[in-house]
Amino acid sequence: MSSASTHVKASASRAADSKPLEYLARGGFVAYGVIHLLFAWLALQVAFGHSGREGDQNGALQTLAGNAFGKVLLVVIAVGMVGLAIWQGFEAAVGESGPRDKAAIAERVISGIRAIVYLWLAWTAIKIVTGANSSSAAKSQSKSSSVMAHSGGRWLIGLVGLVILGVGIGLAVYGVLKKFEKHLKMQEMRPSVRKSTRRLGMAGYSAKGVAYAIAGVLVVVAAVKYDPNKARGLDAALKTLAGHSYGPWLLALIALGFAAFGVFCFSQAKYRKV
């Protein structure tokens, strides 16, 4: 059994190191960057009351569905997301540089979570292209309402909110401490590129962290107050911010942070250790 397991891991490691998969993953980072730039543009529109779309990744992808070129780009994005998902799936299976000790388990779990997120984005893009997509924020609200109707449901929704809050805090800390640098070929960058990439990563992860933390707090509030309207993920977070006097400007800063993360993804396309 041990020999079979070792063989499987070795095969997975060889597949993870293949050039076609590397190119596909690097292309996926470009697609991921585009998604974040679209989200940033959408967040700016929400900030100043000019958007009727959902304020989340779903809404960002929907902005491309209005013409043939946009739909082609959605297909390209879906392929890129699948590429990232496959790569992260291998990372979850064998670790970043092949088999490792138990210290790398957390990183491999995170890779598995990333793979799921990338697959979800790919699936969302395909649904939009085929016209089968529906509101993700509304679905989140509906599911929350359904769960809350059951005994203990509000506790479960509250727990989900705390997990989202934790993810937000984790992303912000990840950015502030520049932990993303360990995944990049920093030594291959020119000093100016290294400096700009570091700043983009810090701003991008921090902005994402703030957005998710706000979304998590709102989900917890939804559970406490039995108000499913607040359990709409990033959409609720952005629109709640926009409703306060200081909100539009804070939301604009978050939008700039997401744009920074989008550009950071372009840098990852070249310098990420794949």
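Numbers for residues simply follow the sequence, beginning at 1. As the structure is a computational prediction, the values presented were derived from the model and not from experiment.
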Return the [atom1] to [atom2] distance between [X] and [Y], rounded to the nearest 0.5 Å.
{"X": "Glu22", "Y": "Lys19", "atom1": "CD", "atom2": "NZ", "result": "4.0 Å"}
{"X": "Ile113", "Y": "Gln88", "atom1": "CD1", "atom2": "CD", "result": "11.0 Å"}
{"X": "Leu44", "Y": "Leu256", "atom1": "CG", "atom2": "CG", "result": "6.0 Å"}
{"X": "Ile128", "Y": "Trp123", "atom1": "CD1", "atom2": "CH2", "result": "12.0 Å"}
{"X": "Leu159", "Y": "Ile164", "atom1": "CG", "atom2": "CD1", "result": "10.0 Å"}
{"X": "Lys182", "Y": "Lys273", "atom1": "NZ", "atom2": "NZ", "result": "9.5 Å"}

Non-hydrogen side-chain atoms of [X] and [Y] separated by less than 4.5 Å:
{"X": "Leu171", "Y": "Phe261", "result": "no"}
{"X": "Leu24", "Y": "Val82", "result": "no"}
{"X": "Glu188", "Y": "Lys270", "result": "no"}

Which atom pair, heavy atoms only, marks the closest approach of [X] to [Y]?
{"X": "Met81", "Y": "Ala31", "result": "CE-CB, 3.9 Å"}
{"X": "Ala255", "Y": "Ala40", "result": "O-CB, 3.1 Å"}
{"X": "Gly168", "Y": "Tyr212", "result": "CA-CB, 3.8 Å"}
{"X": "Arg26", "Y": "Tyr271", "result": "NH1-N, 4.1 Å"}
{"X": "Phe264", "Y": "Thr197", "result": "CD1-O, 3.6 Å"}
{"X": "Ile254", "Y": "Ala211", "result": "CG2-CB, 4.3 Å"}

### Query
Does any N or O in the side chain of Lys178 come within less than 3.5 Å of the main-chain N or O of Gly201, such that one atom is a donor and the other an acceptor?
no

### Task
Output yes when a side-chain donor or acceptor of Arg199 lies under 3.5 Å from a complementary backbone atom of Ala260, and no otherwise.
no

Could you state whether [X] and [Y] fall into the same hydrophobic cluster, counting links through intermediate Ile, Leu, Val, Met, Phe, Trp or Tyr residues with side-chain heavy atoms under 4.5 angstrom apart?
{"X": "Val34", "Y": "Tyr23", "answer": "no"}
{"X": "Val75", "Y": "Ile77", "answer": "yes"}
{"X": "Val176", "Y": "Met186", "answer": "no"}
{"X": "Ile86", "Y": "Leu119", "answer": "no"}
{"X": "Val219", "Y": "Val167", "answer": "yes"}

### Query
Taking NZ, NE, NH1 and NH2 as the nitrogens, is one of them in Arg114 or Glu107 under 4.0 Å from a carboxylate oxygen of the other?
yes

### Task
Over 60° means perpendicular and under 30° means parallel, so classify the ring planes of Trp87 and Phe29, tilted if in between.
perpendicular

### Query
When you look at Met202 and Phe180, which way does the side-chain contact (heavy atoms from CB on, under 4.5 Å) test go after all the steps?
CA-CA 9 Å; Met202 291 177 69; Phe180 53 84; 4.0 Å; yes

### Query
Given Trp249 and Leu253, is the side-chain contact (heavy atoms from CB on, under 4.5 Å) satisfied, shown in steps?
CA-CA 6 Å; Trp249 302 107; Leu253 285 176; over 6 Å; no

### Message
If you apply the rule side-chain contact (heavy atoms from CB on, under 4.5 Å), what do you find for Leu38 with Leu42, and how did you get there?
### Response
CA-CA 6 Å; Leu38 289 170; Leu42 188 60; over 6 Å; no

### Query
After noting the C-alpha distance and the side-chain angles of Val46 and Leu251, does the key distance pass the side-chain contact (heavy atoms from CB on, under 4.5 Å) rule?
CA-CA 8 Å; Val46 171; Leu251 193 48; 3.9 Å; yes

#### Entry: Heavy-atom neighbours of Lys185 NZ exceed 12 at 6.0 Å
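Above 12, so yes.
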
